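The figures here come from the full heavy-atom set of this structure, side chains too, leaving out hydrogens, waters and symmetry mates. In what follows, chains are A, B, ... by sequence order, proteins preceding strands, each numbered from 1. It should be emphasised that the depicted structure is a prediction, and the values quoted were computed from it without experimental measurement.
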Amino acid sequence: LQAIDPDVLLAHNLHRFHIELLLQRISATGVKHWSRIGRLRKTKMPTSHPVDRGAACGRLLCDTWVSAKELVHEKTYTLTELARTRLSITRQEIDPRQTPAKMRTSLGLLEMIDNACKDSWITFELMFTLAILPLTRQLTELCGNLWIRSLQSRRAERNEYLLLHEFHKKKFIVPEPYTKREKMRLKGSTESSSSSRKKAQYSGGLVLEPKKGFYEKLVLLLDYASLYPSLIQEYNICFTTVKHWELGEDEIPPEPNRNTESVLPSVIGHLLKRRRAVKSLLKDERNPDLRTSLDIRQKALKLVANSMYGCLGFENSRFYCKPMAALITALGRKSLTTAKEKAEMTLYDPPVEVIYGDTDSIMVHTGIDDLAKARKIGHEIRKIVNKPFRFMELELDAIYKDMLLLRKKKYATNVVIERDGKVILEREVKGLDLVRRDWCTLSKDAGNVLLDALLSGQPREEAVAKIHDYLTDLKKKLTANEIATGKFIITKGLTKDPKAYTDAKTQPHVQVALQMLKEGLFVRSGEHIPYIIVINRSGGTEASSDTSLAARAVHVSKVLRQSEKTTPKEKFLHIDIEWYITHQILPPVARLCEPIAETSPGQLAECLGLDPSKFHRTVAATASEDIDEANIELDRKDPERFSDYPREDRLPLRCRHCQLRGENDENETRKWKDIFNLEVDGAYMVRCHNQNCRCGNIDLVGDNDDIARIMNSIRVHFRPYLQRFYRRELQCDDPMCHTRTRAHWSTKCPTLGCQGNLVPMYSSSALYQQLSYYKSLFNLDEAEKRLNLERTKREEAYQIRLKSDSKAMKGIDLPLNPRDGLPKGSEKRFELLYNFVDDLMHTSGHHFVNLSNLFAFSQ
DNA sequence: CACTGGAGCGC
DNA sequence: ACGCCTGGAGGCGCTCCAGTG
């Protein structure tokens, strides 16, 4: 070191391992001048945190482990894995326990040296591939902090320095950071709770309720470019404009005055402006070296701009400001909501639908296949949303050919990419089990096969058949032991040192880590443990679930090694195939197939050779679509819920004069639906549609005779529902079991071997639903509200179009008020009918009957 | 069944 | 004024699992 005097020290895990190791060996072997590791003459060797204590000051410390974690997303960050994914190099690993043996022979020693050299080169290449030095240098130049700190990826400190310089330049006095004692006092002796993540301090981004399902028409992805930075600019959010010092706890500050430009928005604006400039340079640059360096510049500018918000919410930051962070997220939620509303306000045929959205994006189902048309819709929505903003910009980010939307933050799509006039599809999977490292490869393979089948564009039946075949075949291979051991590996990360876990005995990866420690291996927080679940070794001959899961987890190397040398002691390790099928394959597979009507968890389980009756509820319980009692109150407030009420449950009425009714004929039905659903053309709801009717297209609710007749119709129509309810028949909720019974002493299915639960075939809530439907037919107040809402929506949409588009839509229909078309006295009669149904509901008391409460005594 | 800690995603 | 010691560095939202009482 003294001779070379390097500027940079480089290693994988340098910060947490090599420096400490070097110092330790120096002191153990008594090497003099330890401080030559750095460039300052120091007398005392630091006892802990040598990097922070400046043991190597004067040199840059580049740790590829730290940098890779910040710069790229990987499953694990071992040198081996990074070499594989980033450099396509297969790195040879040496078990540290083999080291002493290798050191004893010259061949072994040579092997070790060779290995160490190769590792050095790999690390070196990795550093260049990730462009660690140029990028951190850019960040440092931007923010004015120390380069070595950028290499430690301390984002909060970077932001701190950027703001310090900026405020200093503008002659502001900046806040002193809190001392440790002050922090303690502020927190009011809140216990340290070192474990995992704290509870959220304020609310964050909005996630729209996904309309789950499988979409086969084009879906648009629209999102705000750099939402939080542009919000800061748009609303002039700054330490000087947000009155954060006047607020109570958990109060969201009012929007600041937008007419001045304050420090923070100008800093952000500056960053974004520079980035745009660099990007435009990049566009025309042909020299590949300059291109990479420009690309790094723009990436650094983006990183800094994007991390500003995060640091406002970071308690230990000098510029910590919870109210500002809370205001930014609140405005973000508002922006997302307005984007959604404006998108739905458009008038397309078929109407577009916002099916999902997360924080800064909305996904719009167009219902069409025409790419050009869909793109046009996207740009129109974009225009409408962006209209009022100065800085914020909604962009059409992608178009999906089809989409499987399972839950919040969990979906798979085929992205449409146009290259040289040709359309290519690219799979994108977000949040599903198969992108998570805590599922074994076997499980992910299955997931991928399923997605391939479902998103292939082939008919559903074929796809489902393929899936069933695949699972059946998989089961066969599993029982025949034809699957490689590697496919069973599950990986989990340690968030703290293995010994620090309070519930160590329930966590497989912690158990394995503890075992590794016992065997003299080096394991600590941040590492990822690969393990396999085996059959209980303590001699259990039958069920493998005798022992807890954690106790049956074994490190991969143990299982792998036993296949090489077959010592009888280690042959005890049998992979628990049954557990893998029931816990690693079936649940993710069942979740993927949830929106697919052509199959069911029971059928999937059967393919895997399992008793289907045991797995009817493998899909998360929340997936239940039953309307439970608690939701009734909520449902009542939603007048639109009857717009697609099943045809067979709708009330058929005849016109007194022409006997027109619309039960069978498609067109007629549609008309009648319009009549009774008080839809957009509300004025027609009480009129006969028969052009030649002698009623003269007047009203169906014309006089008291009509009232009596309609009441009677309702009574007659309702009777079968009531009877069905009182029959109290129960059926098994397992789709494979067809048991029906009137037994009510137990909720368990009486059929032998079936694990299902009995549920009412016609529940009290279904009955309530039916009554609510009748009611909705005659609720003029609700109808009026809805039509008014629709009217304002259309008017606004019209205005927007008028402004944004010179040739505005012609003949835009504004909905009428339902009361406008009512003949004299009809309003009164509607009220009578409404009250009639209301009475029916109350007198019969069906609106809150709960079967399980009713029969609770008998359980 | 409700609840918790832990993990690992999405944005 | 100086020596000595310690400890950790972006946010929240959302499943999903295993275990507990």
Side-chain angles (χ1 to χ4, degrees), chain A residues 43-44 46-49 51-53 66 70 73 75-76 149 152-160 177 180 183 192-210 223-224 226-228 303-304 306-322 324-326 328-330 332-333 336 356-361 397 406-411 428-439 490-496 500-510 528-529 545 548-550 553 583-584 587-588 591 618-623:
Chain A
T43 45
K44 263 200 157 166
T47 50
S48 66
H49 302 276
V51 175
D52 293 351
R53 304 275 169 280
V66 170
E70 185 185 8
H73 178 78
K75 236 169 69 178
T76 71
R149 308 292 263 184
Q152 281 168 275
S153 79
R154 300 194 169 177
R155 305 168 199 196
E157 198 178 286
R158 262 180 356 222
N159 281 294
E160 182 181 335
K180 200 176 174 187
K183 271 186 215 162
S192 53
S193 72
S194 57
S195 71
S196 73
R197 231 166 63 176
K198 288 176 309 186
K199 238 176 46 195
Q201 298 297 302
Y202 59 94
S203 32
L206 173 67
V207 185
L208 302 180
E209 194 57 44
D223 68 358
Y224 284 108
S226 316
L227 178 65
Y228 289 168
L303 276 175
V304 176
N306 281 347
S307 62
M308 195 59 80
Y309 152 73
C311 294
L312 290 175
F314 174 44
E315 278 179 319
N316 286 327
S317 162
R318 182 199 287 255
F319 291 100
Y320 170 55
C321 188
K322 194 170 82 170
M324 281 171 69
I328 292 172
T329 55
R333 292 192 292 275
L336 185 63
Y356 179 57
D358 186 343
T359 310
D360 64 351
S361 67
D397 205 50
L406 292 183
R407 313 190 76 77
K408 284 180 173 174
K409 299 183 190 285
K410 284 169 196 265
Y411 57 87
E428 196 174 270
V429 182
K430 290 285 166 73
L432 300 186
D433 297 322
L434 60 133
V435 301
R436 297 171 61 95
R437 73 163 79 93
D438 48 357
W439 294 91
I490 300 167
T491 313
K492 254 186 196 160
L494 293 166
T495 50
K496 40 190 177 187
Y501 281 83
T502 49
D503 57 346
K505 64 176 189 300
T506 73
Q507 308 234 56
H509 65 301
V510 180
H528 293 108
I529 311 291
S545 50
S548 81
L549 183 67
H583 288 79
Q584 287 274 315
R591 279 193 282 271
T618 8
V619 179
T622 46

Spacing between [X] atom [atom1] and [N] atom [atom2], to the nearest angstrom:
X       : N       : atom1 : atom2 : value
R53(A)  : dC4(C)  : CZ    : P     : 14 Å
E315(A) : dG11(C) : CD    : P     : 8 Å
D358(A) : dT15(C) : CG    : C1'   : 13 Å
I529(A) : dG8(B)  : CD1   : P     : 11 Å
L208(A) : dC12(C) : CG    : P     : 20 Å
Q507(A) : dG5(B)  : CD    : C1'   : 7 Å
R591(A) : dC16(C) : CZ    : P     : 5 Å
I328(A) : dC11(B) : CD1   : C1'   : 15 Å

Contact class for [X] vs. all strands (heavy atom < 4.0 Å): base, sugar-phosphate, or nothing?
X       : result
S203(A) : sugar-phosphate
A325(A) : nothing
Q152(A) : nothing
Q201(A) : sugar-phosphate
R158(A) : nothing
D223(A) : nothing

According to salt bridge (charged side-chain N to carboxylate O under 4.0 Å, His left out), who are the partners of [X], at least two apart in sequence or on a separate chain?
X       : answer
K322(A) : E249(A), D250(A)
K408(A) : E209(A)
D223(A) : none

Taken in chain and number order and not counting sequence neighbours, the residues that satisfy side-chain contact (heavy atoms from CB on, under 4.5 Å) with E160(A) are L164(A), R318(A), F319(A)
State which of [options] makes the closest approach to the side chain of [X].
X       : options                   : result
R154(A) : dA9(C), dG10(B), dG7(C)   : dA9(C)
W439(A) : dC17(C), dG10(B), dA7(B)  : dC17(C)
K410(A) : dC16(C), dG10(B), dG10(C) : dC16(C)
R437(A) : dC11(B), dG8(B), dG13(C)  : dG8(B)
K492(A) : dA7(B), dG11(C), dC9(B)   : dA7(B)
D360(A) : dT15(C), dG8(B), dC11(B)  : dC11(B)
Y202(A) : dG11(C), dG7(C), dT15(C)  : dG11(C)

Is there a side-chain polar atom (N or O) of [X] under 4.0 Å from OP1 or OP2 of [N]?
X       : N       : answer
H509(A) : dA7(B)  : yes
K409(A) : dG10(B) : no
R436(A) : dG10(B) : no
K430(A) : dC11(B) : yes
Y411(A) : dC11(B) : yes

For Y411(A), side chain to side chain donor-acceptor pair (under 3.5 Å) partners two or more places apart: none
Look at the side chain of D52(A) and the base of dA9(C), then say whether one donor and one acceptor between them are separated by less than 3.5 Å. yes
Inter-nucleotide [atom1] distance ([N], [M]), Å rounded:
N       : M       : atom1 : value
dG10(C) : dG10(B) : C1'   : 16 Å
dG7(C)  : dC9(B)  : C1'   : 29 Å
dA7(B)  : dA9(C)  : P     : 15 Å

Would you please test Y309(A) and L227(A) for side chain to side chain contact (heavy atoms under 4.5 Å, CB included) and show each step? CA-CA 10 Å; Y309(A) 152 73; L227(A) 178 65; over 6 Å; no
Comparing nearest nucleotides in DNA chain C, the 5'-proximal residue of the pair V207(A), P508(A) is V207(A)
Stems field, DNA chain C, Watson-Crick or wobble, 3.5 Å, at least 3 pairs, by first number, holds B:1-11 with C:11-21
Sidechain-backbone polar pair: Q201(A) side chain, K199(A) backbone, donor-acceptor under 3.5 Å: yes
Between E70(A) and R155(A), is there a side-chain heavy-atom distance shorter than 4.5 Å? yes
Compare all side-chain heavy atoms of Y356(A) with those of K409(A) and state whether any distance is below 4.5 angstrom. yes
In sequence, state the C-alpha distance, the side-chain angles, and the governing distance for N306(A) and S226(A), and then conclude on side chain to side chain contact (heavy atoms under 4.5 Å, CB included). CA-CA 7 Å; N306(A) 281 347; S226(A) 316; 4.1 Å; yes
